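Treat the numbers as computed from the prediction; the structure is a model and nothing was measured. Hydrogens, waters and symmetry mates are skipped; everything else that's a heavy atom, side chains included, is used.
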Amino acid sequence: MAKREVDIVVISDVHLGTYGCHAKELLKYLKSIKPKMLILNGDIIDIWQFSKSYFPEAHTKVLRRILKFVTEGIPVYYLTGNHDEMLRKFADFNMGSFQLMNKVVLNIDGKKAWIFHGDVFDVTMQHSKWLAKLGAVGYDTLIMLNYMTNWFLTKLGREKMSFSQKVKAKFKDAVKFINQFEQTAADLAVDKNYQYVICGHIHQAEIRKIESTEKRGSVIYLNSGDWVESLTALEYHDKKWQVFQYRPEDFIKDDNEDDKTDTEDLDAKMDVRSLLERFRQEPA
């Protein structure tokens, strides 16, 4: 299967190490593309909820696939989020084409792009981190219940449903938070004279033009969504942005295909569990 060439790929909110993470689907996607640049925009590894008892092989394979891009010389930016905030103390670390940062500004075909996770706009994160962590556990539990419900619905031949999407749609506060998040990001980007502002965090893929609150200009706001429910990424190619949406039917041929990266002795070459446990226990 020929790999699809893409100039820039942005993914965020993968939450490796949690039950809700669709690592197998993400792995298929990463294997299907040949990016010139990969941006990991926060919450890739969920260190908040990390447990030695749960880090499946598929999750490790995603990390190895990312490392494969690095060994091929493809620029990979890992921008920290709130669920992997423990990595922030190592910001500005670089190794070959890999860079660990909190945010980055890139020149994309003559336009400045301001890229960061976006949790800085989350009031809960700033003032009640314990509440945010409790909410993360609740969200993961909701995803597990949703998974079991959808299993039964599939067996009954009925359409799958998304609990969290229904919650977001029903409660005005959730919609209001998303709108405020997007507007705040746009206002700051306009003030800083950026043409693009690219975030993650809210698990809501989006590309749209937003005018600043004070009518001083506009900016293209982009959000890469997540790999827990939406299974989306941002792609930039031929000077155009688009939201990639994973569809199982597009990857049927790839189901049984492995390569050397997948069949290597993963445990011997990358003890992910021990590494993440060390990050989690490091003093702030």
Query raised in the report: Does atom NZ of K103 have more than 12 heavy-atom neighbours, drawn from other residues, nucleotides or ligands, at distances under 6.0 Å?
Result: no

Requested in this report: Mind running salt bridge (Lys or Arg N to Asp or Glu O under 4.0 Å) on D191 and R216 for me, showing each step along the way?
Outcome: CA-CA 8 Å; D191 288 344; R216 290 187 297 188; 2.7 Å; yes

Report task. Could you tell me which non-hydrogen atom of N41 sits nearest to which non-hydrogen atom of S12, and how far apart they are? Result -> O-CB, 3.2 Å

Query - side-chain contact (heavy atoms from CB on, under 4.5 Å) evaluation trace for F116 with L79 - result: CA-CA 7 Å; F116 57 99; L79 309 181; 5.5 Å; no

Query raised in the report: Under 30°, 30 to 60°, or over 60°: which ring-plane class applies to Y196 and W241, parallel, tilted or perpendicular?
Result: perpendicular

Requested in this report: Say whether D187 and S212, considering side chains only, have a donor N or O and an acceptor N or O under 3.5 Å apart.
Outcome: no

Query raised in the report: According to the interplanar angle, ranging from 0 to 90°, do the rings of F251 and Y246 count as parallel (below 30°), tilted (30 to 60°) or perpendicular (above 60°)?
Result: parallel

**Report entry** Full working for side-chain contact (heavy atoms from CB on, under 4.5 Å) between V14 and C21
**Finding:** CA-CA 6 Å; V14 178; C21 171; 3.8 Å; yes

Query raised in the report: Between V6 and W227, is there a shared hydrophobic cluster once you connect ILVMFWY residues whose side-chain heavy atoms come closer than 4.5 Å?
Result: yes

Query raised in the report: In terms of hydrophobic clustering (I, L, V, M, F, W, Y; side-chain heavy atoms under 4.5 Å; direct or indirect links), are F93 and I47 co-clustered?
Result: yes

Query - Candidate pair I207 and L234, rule side-chain contact (heavy atoms from CB on, under 4.5 Å), full reasoning - result: CA-CA 9 Å; I207 300 177; L234 290 171; 3.9 Å; yes

Query raised in the report: With a 4.5 Å heavy-atom cut-off, do H83 and D46 have their side chains touching?
Result: yes

Query raised in the report: R4 versus E235: any side-chain heavy-atom pair under 4.5 Å?
Result: yes

Query raised in the report: Should L87 and Y78 count as side-chain neighbours, where that means a heavy-atom distance under 4.5 Å?
Result: yes

Report task. Grab the two heavy atoms, one from P35 and one from I74, that are nearest each other, plus how far apart they are. Result -> O-CD1, 3.4 Å

Query raised in the report: Just one of N82, T80, L16 clears the side chain to side chain contact (heavy atoms under 4.5 Å, CB included) bar with D43, so which one?
Result: N82

Query raised in the report: Below 4.5 Å, heavy atoms only, C-beta onward: do D109 and Y236 meet side chain to side chain?
Result: yes

Query raised in the report: Shortest non-hydrogen contact from V228 to D13?
Result: CG2-O, 4.0 Å

